[in-house]
Student: 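My structure is below; once you've seen it, I'll send some questions.
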Amino acid sequence: MIATLDPLVLSAIADLELVARVTVDGTIAGLHRSPFHGYSAEFSQYRPYRAGDDLKYVDWKLFARTDRVYTKQFRETTNLLALVALDASASMGYAGTNGIAKIDYCRLLAAALSHLLGAQGDGIGLVVFDSAIRQFIASRTGRSHVRSLLVALSRAEASGRGTATASALKRASELLKRRGLIILFSDLYDEETAMEAELRRALRMGHEVALFHILTPEEVTFGLTGDVEVEDLESGERVLTRGADARAAYGERFSAFLEGWRTRCASYGIDYTRVLTDTPLDEALRGFLLRRAAGLLR
Amino acid sequence: MNIQWINPAALAGLIAALGPVVVHLLRRQRAVRVRFPTVRFLTPSRAAASRVRAPSDPLLLILRVAIVAAAALAAAQPVVITGWRRAALERTVHRAVVVDTSESVASGESRVAEALNAERLRSPGAREFRTANPRDGVKQAAAALKAMGGGRAEIVVISDFQKGALGSSDVTALPEGVGLRFTAIDSGTAGHSFTGWRRFAAGDPGLEQRITLDGPHTRVSLMTGQQSRMPAILARPEDGEDIERMLRAVAAAGAPALPSDRGLTLIFPGSTVPAVDAPLAPWMIEALTRARTDERLRAAAAAHATDEDPHLAAVWRPVVSTISGHPLVAVAAAQKDLAVSVSAAPATLLAASALRSMLHAVAPAEPWAEHEVERIGAAQLSAWTREPRPQPAERWTGMPSDGRWFWALALLMLAGETVLRKTRPDTREEHRRAA
């Protein structure tokens, strides 16, 4: 087992399947049960009722005894359908000082999750989008399917002018044939209201949504100094500013941006994971899987 | 405090101090373009464009200007003359001692040594100039003292001060402020007689000039001298009469007799050449040098029509040669004598000129001035004596430059600039971008 899965090291490995296996093997050691719960009849555990839960899973007998409302969860016996939505807009091509682009990091994370889900017999699909949907692979099971998905992932490149996250989410929600899990990898530099609306729509359709907010450390700290002409990777817009002076205002706005997404996701029950590209892959993945295994999510 | 510049032209380098300012202005005129995922959180800063001419880091800029300025000042080699340095220099006396080594002083050698030792004790670092001509010695000493830089300078002359050894013009030619002191040596040459000259005579006893010095009186008498030593002549037997005529011609033209300790052998074509060697004795080398500069011999050689190679051995040193490089007159050492090979018949002008020239070369003229009995008077020497005065600051040349302190300052500031630059976030960012 690799002690720490350095994203830079892993991104240098061409075989995405191998990377996925290594990452998963190193991450789920100790997780004895599947972190992904389906909706089968095999009872798994109770969890407090949350608005939106299907009333048919509420244990009314338990409510009668304890006066508390619990929803029953079931261990997966049927296959989970998952869909990875990968933002491949130009902004995702930005690499920080550690040299790993956000899209490369996403590829590794998505490959690991795909491998994990595929190994469990769950269906997994892929949507790659920038200003439009560039690639779609329907959620299916099977090793050969996972392999072809990994190939598609490895070919995903950051490009395009603009991001159409909302339309990609809408399409992903519609393409999942039944209730499933949408895993979105994005830097969320898009129209927030539209994205929020589509996320809520997906939830209303009964899908679970896990959001990986991928950022480089430089975007968080805005380390640029001196007189700089900052060019937007997507729109090409240029802003002449002075690094040291702009940093405070940037930090303030960026924090508000991050906080906005955190509270938004918390209120809608979206599993929000903010990951910086210098975070070891296993650490990023383990946090997510542990939260799922602990049943914090549906 | 006064500052002098050894290399003032380097002060033009101060213009280079504007370099950092120019570089700063040029660099600041364009902002670095950086591609970034989004600009939605950034506000355009007009200040960034308008600030291009305002130094972002005045301290760094000042430091850089100061480094270049310090380097330019160091290259100009400043000499900072502070009050204490001036006082210390003015206390210093650079001394040069001129010792007369002419023949007239030779008899008073112990007294010269005594006077010289006294001077050495007085000023241990004094430079010494030993010369037979005190006039030249004083000039050399003055030049050497000029190169010694600041402080006071004094020339001490140890001599018997024969008349003509020094003159008022020599004293006035000395730079102002240079002290002059005289130590007179009694050489005791007054009251003796010596041979002025002895004339070469062909076969007969030659004339001899006898000079007697007796206080203020000098007596010169001509008398018949001893039979002068004749040069040995190797020639064909049939050239006997021509040889006689040549000797008489040389005697009639006037030439010095051979000294008793120096021999001369003339070798003419057709005679048997004795075993010879290279002329290495000092008097032989001196004679060769003198003969080579004899214009009359050169003229005779130029007029000589023959251009035959005498096929002389390598030990022969040519005195005069033909245009083709064949030696017409050459010398070598034949045991204790100076052998002279003449590639011309005894009846020619060249043969007579060669003999006359070699006689003059072997028996040089008497150094008459060394027998001068009159001395420069004590009153005159006293009048010429002068105390050393501090040199004007403009003449303080040859002093060690203080440029090293400016170099050290420049290096120190450079180190400070490096530290300052590396600690600047801007620089770190630039390095990161370059990487």
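Residue numbers start from 1 in every chain, and the chains themselves are labelled A, B, ... in the order their sequence lines are given, proteins ahead of strands.
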Student: Could you tell me whether the side chain of B:R40 reaches within less than 4.5 Å of the side chain of A:F257, counting heavy atoms only?
Tutor: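 A side-chain contact exists here, since the closest heavy-atom pair is under 4.5 Å.
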Student: OH of A:Y250 to OG1 of B:T38: how many Å apart, nearest 0.5 Å?
Tutor: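 Those atoms lie 7.5 Å apart.
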Student: Does atom CZ of A:R155 have more than 12 heavy-atom neighbours, drawn from other residues, nucleotides or ligands, at distances under 6.0 Å?
Tutor: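 Result for CZ/A:R155: open.
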Student: For a quick test of reading the model, state the closest non-hydrogen atom pair linking A:S91 to B:P37 and the distance between them.
Tutor: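 Reported closest heavy-atom pair: CB-O, 3.6 Å.
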Student: So, taking the atom named OG1 in A:T216 and the one named CZ in B:F36, what distance separates them when rounded to the nearest 0.5 Å?
Tutor: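 Taking OG1 in A:T216 and CZ in B:F36, the distance rounds to 6.0 Å.
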Student: From B:L42 CG over to A:E237 CD, what is the distance, rounded to the nearest 0.5 angstrom?
Tutor: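 Spacing of CG (B:L42) from CD (A:E237) equals 9.5 Å.
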Student: Which value, rounded to the nearest 0.5 Å, describes the distance between A:L240 atom CG and B:T43 atom OG1?
Tutor: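 Output value for this atom pair is 11.0 Å.
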Student: For A:D232 and B:V39, work out which heavy atoms get closest and say how close.
Tutor: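 Result for this residue pair: OD2-N, 3.1 Å.
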Student: Is any side-chain heavy atom of A:F222 closer than 4.5 Å to a side-chain heavy atom of B:F41?
Tutor: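 No; the side chains remain at least 4.5 Å from each other.
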Student: Using a cut-off of 6.0 Å, state whether more than 12 heavy atoms not belonging to B:R127 lie near its atom CZ.
Tutor: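 For B:R127, atom CZ is not crowded (no more than 12 foreign heavy atoms under 6.0 Å).
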Student: Is the number of heavy atoms from other residues, nucleotides or ligands under 6.0 Å of A:E252 CD greater than 12?
Tutor: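 Atom CD in A:E252 is not crowded, with 12 or fewer foreign heavy atoms closer than 6.0 Å.
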Student: Count the heavy atoms of every other residue, nucleotide or ligand shown that sit under 6.0 Å from CZ of B:R135, and state whether that count exceeds 12.
Tutor: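 Yes, CZ of B:R135 has more than 12 neighbouring heavy atoms, counting only those of other groups under 6.0 Å.
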